[in-house]
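Presented below is the structure to which this report refers.
Counting from 1, the numbers follow the sequence of the chain as shown. Keep in mind it's a predicted model, so treat the numbers as computed, not measured.
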Amino acid sequence: MTLDQDVLAKNDRLAAQNRQWLADHGIRAVNLMSSPGAGKTTLLERTVRELAVAEPVAVIEGDQETPMDALRLRATGCRTVQVNTGAGCHLDADMLAKALRSLDPEDGSVVFIENVGNLVCPALFDLGEGRRVVLASTTEGEDKPLKYPHMFRAADLVLLTKADLLPYVPFEQGRFTEHLRRVNPDAELLPVSAVSGAGLGEWHDWLRAAVSAATTRRRQGGHGDRRTP
């Protein structure tokens with residue numbers, strides 16, 4: 001077995017432990033992945049402000065350096081933990097377990113994981129999350145699903161961000177959709193804009209459905225051990 005296989009096998013075991021603990025407590029962990037600058041933090045700022053009115057929300061913020069994005073999220077009143085990876089290009093299951101211990105999220109809450117900006121490595125590392133959301137902005141071009149198929153193949157939902165710029169950038173949404181369907185026929189696709197608010201109602205509905213499913217499983221399966229992974 002190669003070193004890479006050893007690393008991934010260990011990560012998968014830890015991810016399974018994370019997933020079980022999250023399920024036991026009805027916590028929906030949503031892994032947000034994208035290239036740098038696609039708008040993850042801006043979307044999260046607006047999402048947590050609006051979603052937290054009805055649901056407990058927390059954020060695990062992943063970056064190579066600095067706490068700048070975590071500070072932005074904390075300014076919304078959202079409980080946030082910063083994870084700096086240094087030279088690392090992704091979060092892994094062990095990092096998530098440690099962040100959950102620090103965060104100590106409420107039962108039945110939503111935990112957003114803002115992964116390091118990268119369209120390659122995060123797709124390879126299961127964290128134990130319940131859902132994977134990939135963001136692609138209208139300023140990046142329609143070919144991203146074809147260039148980074150592993151990332152888009154891993155997505156449950158693809159958010160086409162900065163949709164308010166569609167009239168002003170050379171981006172053909174139909175071609176993007178076609179490319180996405182070639183690599184992942186099952187992923188949902190939703191254009192959104194954190195500036196204009198377009199699509200955010202549908203995004204919140206998608207999140208609420210995910211939370212409802214997680215809470216139902218918790219009620220059916222019992223409360224579980226409150227200790228974090």
Whether Asn184 side chain and Ala155 backbone form a donor-acceptor pair below 3.5 Å: yes
Non-hydrogen side-chain atoms of Phe125 and Leu91 separated by less than 4.5 Å: no
Residue pair Arg19 / Asp126, side-chain heavy-atom distance below 4.5 Å: yes
Lys98 bridged to Asp94 by N-O distance under 4.0 Å: yes
Phe176 vs Val158 side-chain heavy atoms within contact, under 4.5 Å: yes
Under 3.5 Å donor-acceptor, Asn84 side chain and Gly86 backbone: no
Partner set under side chain to side chain donor-acceptor pair (under 3.5 Å) for Asp164, not counting sequence neighbours: Ser193
Side-chain touch Leu200/Leu43, heavy atoms, less than 4.5 angstrom: yes
Expected list for residues 139-147: side-chain donor-acceptor pairs under 3.5 angstrom, two or more places apart:
from: Thr139; atom 1: OG1; to: Ser137; atom 2: OG; distance (Å): 2.8
from: Glu140; atom 1: OE1; to: Ser35; atom 2: OG; distance (Å): 2.4
from: Glu140; atom 1: OE2; to: Ser137; atom 2: N; distance (Å): 2.7
from: Glu140; atom 1: OE2; to: Ser137; atom 2: OG; distance (Å): 3.2
from: Glu142; atom 1: OE2; to: Glu172; atom 2: N; distance (Å): 2.6
from: Asp143; atom 1: OD2; to: Lys147; atom 2: NZ; distance (Å): 3.3
from: Lys144; atom 1: NZ; to: Glu140; atom 2: O; distance (Å): 3.0

Minimum side-chain heavy-atom gap Trp203-Leu159 below 4.5 Å: yes
Pairing residues for Thr161 by the side chain to side chain donor-acceptor pair (under 3.5 Å) criterion, not counting sequence neighbours: none
Side-chain heavy atoms of His90 within contact of Asn118, under 4.5 Å: no
Please tabulate, for the side chains in residues 58-65, all donor-acceptor contacts under 3.5 angstrom to protein atoms that are two or more places apart in sequence or on a different chain.
from: Gln64; atom 1: NE2; to: Ala87; atom 2: O; distance (Å): 3.4
from: Gln64; atom 1: NE2; to: Gly88; atom 2: O; distance (Å): 3.0

Side chain to side chain contact (heavy atoms under 4.5 Å, CB included) against Asp205, all qualifying residues, sequence neighbours excluded: Arg208
Residues Asn11 and Asp92: side-chain donor-acceptor under 3.5 angstrom: no
Side chain to side chain, Leu103 and Arg79, heavy atoms closer than 4.5 Å: yes
Side chain to side chain contact (heavy atoms under 4.5 Å, CB included) partners of Leu71, counting only residues at least two apart: Pro67, Arg74
